[in-house]
Amino acid sequence: MLDQRLVRENPTLIALELERRGMQVDLAPLQQIAQQQRDLEEKRSNLQAEGNRIGKQVGQLIKTGLDPTSNEIINLRKEGNLIKQEVSLLEEEEKKASFALKEKLLSLPNLPSKECPDGKGENDNQEIRRWGNPRKDNNLFEHWEIADQLKLFETERSARISQSRFVTLINEGARLERALINFMLDLHTSKGYKEILPPVLVNTESLTGSGQLPKFADESFKCAEDDLWLTPTAEVPVTSFHRNEIIASEKLPLRYVAYSPCFRREAGSYGRDTRGLIRLHQFNKVELYWFCHPEQSEKAHKEITNDAEAVLQALELPYRVIDLCTADLGFSAARTFDLEVWLPGANAYREISSCSICGDFQARRSSIRTKDGKMTKLVHTLNGSGLAVGRTMAALLENGQQSDGSVVLPKALIPYFGKSRLQQIKSIV
RNA sequence: GGAGAGGUGGCCGAGUGGUCGAAGGCGCAGCACUGGAAAUGCUGUAUAGGGGCAACUCUAUCGAGGGUUCGAAUCCCUCCCUCUCCGCCA
């Protein structure tokens, strides 16, 4: 959420920055509401001050022995009643204004950071660096073909259980998924991340706090009987882990790693990535999340990206880092580095992690602050996948595939998976 | 799900209609005392919004939302949460 004061005092700046995202917004009406809200608040609080004075006066008069039914007190009570009426009228108007203001503010995305490259679409994203040597042989299989051969997951039966875009991992596929989650969590906790395993059903406030609501309700699954949604990413519960808190400055930065299943409706993606593990309604993800001092967040953004990259490096998966342009930024992000892993079977780089700095955007929505001397300041938040587990498995299958049909796994995974190679088996499921 | 108890500041805990943003204690910070420290003493110590260069000041907040009243932490209503017992359950 954007700062109300900025809306009142410098709407032009906001309009300019949103334009970088490709949005044309007329902020004049918003500014007007913000101004109106403040004026009403001022009027109301002055009246209340007057009412408080009268209340105190009555109390004192009665204490000094004046008859409560005396004219003096009756007149004061009348005056008090008049003020009360006026206040309630003003209050009603003020509430309307604040509600309208908040509703609009919650629907505006974050402003891009100065460093974020301007652009009109994904072609304007900028590649920052590459790591590893991508395999480019011909006749390589895509991951679902390999998985099918090795009997790692079940698609048709999953549709029977749920619907399309769900997968049931079986045999060594299930084991590999579990190994990957543990491997990632261990890698990050060894670097000082605190591990948390949050609820995956989250309430409306939590989704609003991190930016998924009110605008993207159709992207999340909602429970019909309760104010609960299936979380689309651990970013949501982790943000709200500290919602409405003031975090002691010496505790910052707080760095969390959270594994969670993630649920997305993928509305509007019909026909895209219909096979395999790339785009599912439910997938596993290990998420990195930082709460930090505003002054540290730029540096933190590089660190969280490096920490996500470390997983790919340990798994010997070639990748590139993309600096998303303003048009491609997510709603809450001020700047985002995407990590794209090389999929030799698909002959393409695919997003496997998205590392964003959100500045104070989520902190303001969620009211997460810290003390800077006597000042109370909003913290900055950052998040990054470390990594999306299903896509990691896809990458391992495609990158490790051998001509004999087996898949060689990276050394780092052996302690977790138990062996170095996936081979044709007689399915035990 | 049923029955009962309760939700007050960073923590403990007083406060059942009147100047209460809230006694007292703990904790924390500063100062004094000390060779240094402990102990002691003094002072300060919530959040949000508005006004002011500032000192400061106004408003709101005692789980949340309504209501009664000139005036509510205190009375009334609704909801939420926590605890204890019973039931159910992985």
Side-chain angles (χ1 to χ4, degrees), chain A residues 1-10 30-106 197 199-206 208-209 223 225-228 237 240-252 254 261 291 360-379:
Chain A
M1 190 163 62
L2 305 177
D3 189 0
Q4 297 192 18
R5 184 171 269 159
L6 192 64
V7 171
R8 283 203 307 266
E9 291 169 4
N10 201 347
L30 193 59
Q31 185 192 22
Q32 205 190 335
I33 295 173
Q35 189 62 45
Q36 188 195 6
Q37 186 273 334
R38 211 208 56 176
D39 292 345
L40 285 166
E41 180 182 335
E42 198 177 338
K43 257 197 214 171
R44 191 216 66 218
S45 72
N46 285 339
L47 262 179
Q48 277 175 326
E50 183 58 28
N52 287 344
R53 268 193 291 279
I54 290 173
K56 280 184 190 176
Q57 211 181 331
V58 172
Q60 262 163 355
L61 286 173
I62 290 174
K63 216 174 190 176
T64 57
L66 196 66
D67 180 4
T69 59
S70 69
N71 278 342
E72 192 174 355
I73 286 182
I74 285 174
N75 284 334
L76 283 172
R77 284 167 55 181
K78 268 187 198 155
E79 209 180 324
N81 269 323
L82 280 176
I83 287 174
K84 206 171 16 170
Q85 278 170 27
E86 256 183 283
V87 165
S88 77
L89 286 177
L90 282 172
E91 231 167 18
E92 211 171 304
E93 269 188 85
E94 187 188 343
K95 261 188 201 168
K96 268 187 214 158
S98 329
F99 188 82
L101 178 62
K102 185 122 199 237
E103 192 188 27
K104 293 200 169 136
L105 277 177
L106 284 174
L197 188 68
V200 295
L201 289 183
V202 300
N203 60 32
T204 298
E205 266 190 275
S206 296
T208 307
C223 300
E225 303 296 331
D226 303 280
D227 177 32
L228 289 170
S240 276
F241 191 62
H242 287 294
R243 176 148 52 81
N244 296 330
E245 282 185 21
I246 297 177
I247 302 169
S249 61
E250 59 271 19
K251 287 193 179 162
L252 297 177
L254 274 174
F291 299 86
D360 63 14
F361 187 81
Q362 293 177 321
R364 184 174 291 105
R365 289 172 160 252
S366 300
S367 191
I368 305 168
R369 296 143 294 166
T370 189
K371 285 288 192 183
D372 191 358
K374 278 216 150 187
M375 295 277 289
T376 307
K377 281 190 176 169
L378 294 166
V379 300

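All heavy atoms count here, side chains included; hydrogens, waters and symmetry mates do not. Reminder, nothing fancy here: chain letters follow the sequence lines and each chain counts from 1.
- B/A54: no Watson-Crick or G-U partner with both key distances under 3.5 Å is found in any strand.
- With a cut-off of 3.5 Å on both Watson-Crick or G-U wobble distances, the partner of B/C85 is given as B/G2.
- When both pairing distances are held under 3.5 Å, B/G30 makes a Watson-Crick or G-U pair with B/C42.
- Scanning for side-chain contact (heavy atoms from CB on, under 4.5 Å) contacts around A/T204 gives A/T208, A/L213, A/D227, A/W229, with sequence neighbours left out.
- Under 4.0 angstrom from either OP1 or OP2 of B/C58 there lies no side-chain N or O belonging to A/N52.
- Salt bridge A/E92/A/K95: absent, no basic N to carboxylate O contact under 4.0 Å.
- The two residues A/T370 and A/A248 make their nearest non-hydrogen contact at OG1-C, 3.9 Å.
- Contact check, A/K56 against B/C20: no side-chain N or O comes under 4.0 Å of OP1 or OP2.
- For RNA chain B, the neighbouring residues in residues 38-49 of chain A, judged by any heavy atom under 4.0 Å, are A/R38, A/E41, A/E42, A/R44, A/S45, A/Q48, A/A49.
- Pair assignment for B/U19: none, as no Watson-Crick or G-U wobble contacts are both less than 3.5 Å.
- Taking atom C1' in both B/C76 and B/G17, the straight-line distance is 14 Å, to the nearest Å.
- The separation between A/R77 atom CZ and B/G17 atom C1' is 14 Å, rounded to whole Å.
- Using modelled atom types, one side-chain atom of A/R364 and one backbone atom of A/M1 make a donor-acceptor pair closer than 3.5 Å.
- At most 12 non-hydrogen atoms from other residues, nucleotides or ligands lie less than 6.0 angstrom from CD of A/Q32.
- Closest approach to the A/R8 side chain among B/G71, B/G50, B/U19 is made by B/G50 (side chain taken as heavy atoms from C-beta onward).
- Closest to the side chain of A/Q60, out of B/A48, B/U19, B/C70, is B/U19.
- When Watson-Crick and G-U wobble pairs are counted only if both distances are under 3.5 Å, B/U78 pairs with B/A64.
- If you take NZ of A/K63 and C1' of B/C70, they are 16 Å apart, rounded to a whole angstrom.
- The phosphate of B/C70 (OP1 or OP2) has no side-chain N or O of A/R53 nearer than 4.0 angstrom.
- With distances taken from any side-chain atom of A/I62 to the nucleotides B/A48, B/G18, B/U69, the minimum falls on B/G18.
- Here A/E205 pairs with A/R243 in a salt bridge; the nearest charged N to carboxylate O distance falls below 4.0 Å.
- Contacts of A/K377 with the nucleic acid, taken as non-hydrogen atoms under 4.0 Å apart, are absent.
- Within 4.0 Å (heavy atoms only), A/S367 reaches no atom of the nucleic acid at all.
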